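Because the structure is predicted, anything quoted here is derived from the model rather than measured. Heavy-atom basis, side chains included; hydrogens, waters and symmetry copies ignored.
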Amino acid sequence: MSRPRAPVGWARYYQIVRRIPRGKVSTYGDIAILAGRPRSARHVGYALAALRETDHDVPWHRVLGARRRGRAAVSILDPTGAAIQRLRLEAEGVVFDAQGRITLDDSGWRPRRT
DNA sequence: TGGATGACGTTCT
DNA sequence: AAGAACGCCATCC
């Protein structure tokens, strides 16, 4: 069973995810872009997947996927994990619409850029 | 070194 | 608007 360690590049992703304020969310694609890997969105998810077996303080539940025209949905992972993610987000004040999606224009995290 | 994998994204139908 | 197919790229064996 592969037990993915934590490559140096992953630390970059973790640090960015930690920057996401409570009540806000981001997407794998955005995290990848902020990390300087605009085409490596998959690796962000892969890096976060490794957190499941590791000791960490990364708010992984604030990272969503499948960004579609301003809206995002909870990732597919295991149904249980998805439910936990949604519960945690709602506990932080993130609002889901009737379709179970989140409006990034409202809850999306906008990192400081200049 | 090469081939396969994957918490994804974008484009086309 | 929703669903399916293809493409990207670092990491693993």
* Asked: Can you name the side-chain contact (heavy atoms from CB on, under 4.5 Å) partners of A:I20, sequence neighbours left out?
  -> A:V17, A:K24, A:S26, A:I31, A:R62, A:V63, A:W109
Please tabulate, for side-chain N and O atoms in residues 93-102 of chain A, each donor-acceptor pair with protein atoms closer than 3.5 Å (sequence neighbours left out).
{"from": "A:D97", "atom 1": "OD1", "to": "A:Q99", "atom 2": "N", "distance (Å)": "2.9"}
{"from": "A:D97", "atom 1": "OD1", "to": "A:G100", "atom 2": "N", "distance (Å)": "2.9"}
{"from": "A:D97", "atom 1": "OD1", "to": "A:R101", "atom 2": "N", "distance (Å)": "2.6"}
{"from": "A:Q99", "atom 1": "OE1", "to": "A:R101", "atom 2": "NE", "distance (Å)": "3.4"}
{"from": "A:Q99", "atom 1": "OE1", "to": "A:R101", "atom 2": "NH2", "distance (Å)": "2.8"}

* Structure fact -> In this structure, CG of A:L104 is separated from CZ of A:R110 (nearest 0.5 Å) by 10.0 Å
* To do: Specify the residues of residues 55-62 of chain A, ordered by number, for which at least one heavy atom lies under 4.0 angstrom from an atom of DNA chain C.
  => none
* **Atom pair distance, as rounded to whole Å: CD1 in A:I33 and C1' in C:dC9** => 15 Å
* **Distance, rounded to the nearest Å, where A:R39 contributes CZ and C:dG7 contributes C1'** => 11 Å
* Considering residues at least two apart in sequence or located in another chain, which fulfil the side-chain contact (heavy atoms from CB on, under 4.5 Å) criterion with A:S40? -> A:Y13, A:R37, A:H43
* Please name all residues satisfying salt bridge (Lys or Arg N to Asp or Glu O under 4.0 Å) with A:D57, sequence neighbours left out, ordered by chain then number. => A:R18
* A:I31 CD1 to C:dC9 P, straight-line distance once rounded to whole Å -> 19 Å
* To do: Please identify each residue that fulfils salt bridge (Lys or Arg N to Asp or Glu O under 4.0 Å) with A:R88, with sequence neighbours left out.
  => none
* **Residues which pass salt bridge (Lys or Arg N to Asp or Glu O under 4.0 Å) with A:R39, listed by chain and number, not counting sequence neighbours** => none
* Candidate nucleotides B:dA7, C:dC12, C:dC9, ranked by approach to the side chain of A:H43 - the nearest -> C:dC9
* Separation of B:dA7 P from A:W10 CH2 (nearest whole Å) -> 10 Å
* Apply side chain to side chain donor-acceptor pair (under 3.5 Å) to A:R86 and list each qualifying residue two or more places apart in sequence or on a separate chain. => A:E90
Sub-3.5 Å pairs of nitrogen or oxygen atoms, protein against nucleotides 9-13 of chain B:
{"from": "B:dG9", "atom 1": "OP1", "to": "A:G29", "atom 2": "N", "distance (Å)": "3.4"}
{"from": "B:dG9", "atom 1": "OP2", "to": "A:A66", "atom 2": "N", "distance (Å)": "2.2"}

* Name the nucleic acid region contacted by A:R52, choosing base, sugar-phosphate or nothing; use a 4.0 angstrom heavy-atom cut-off, strictly under. => base
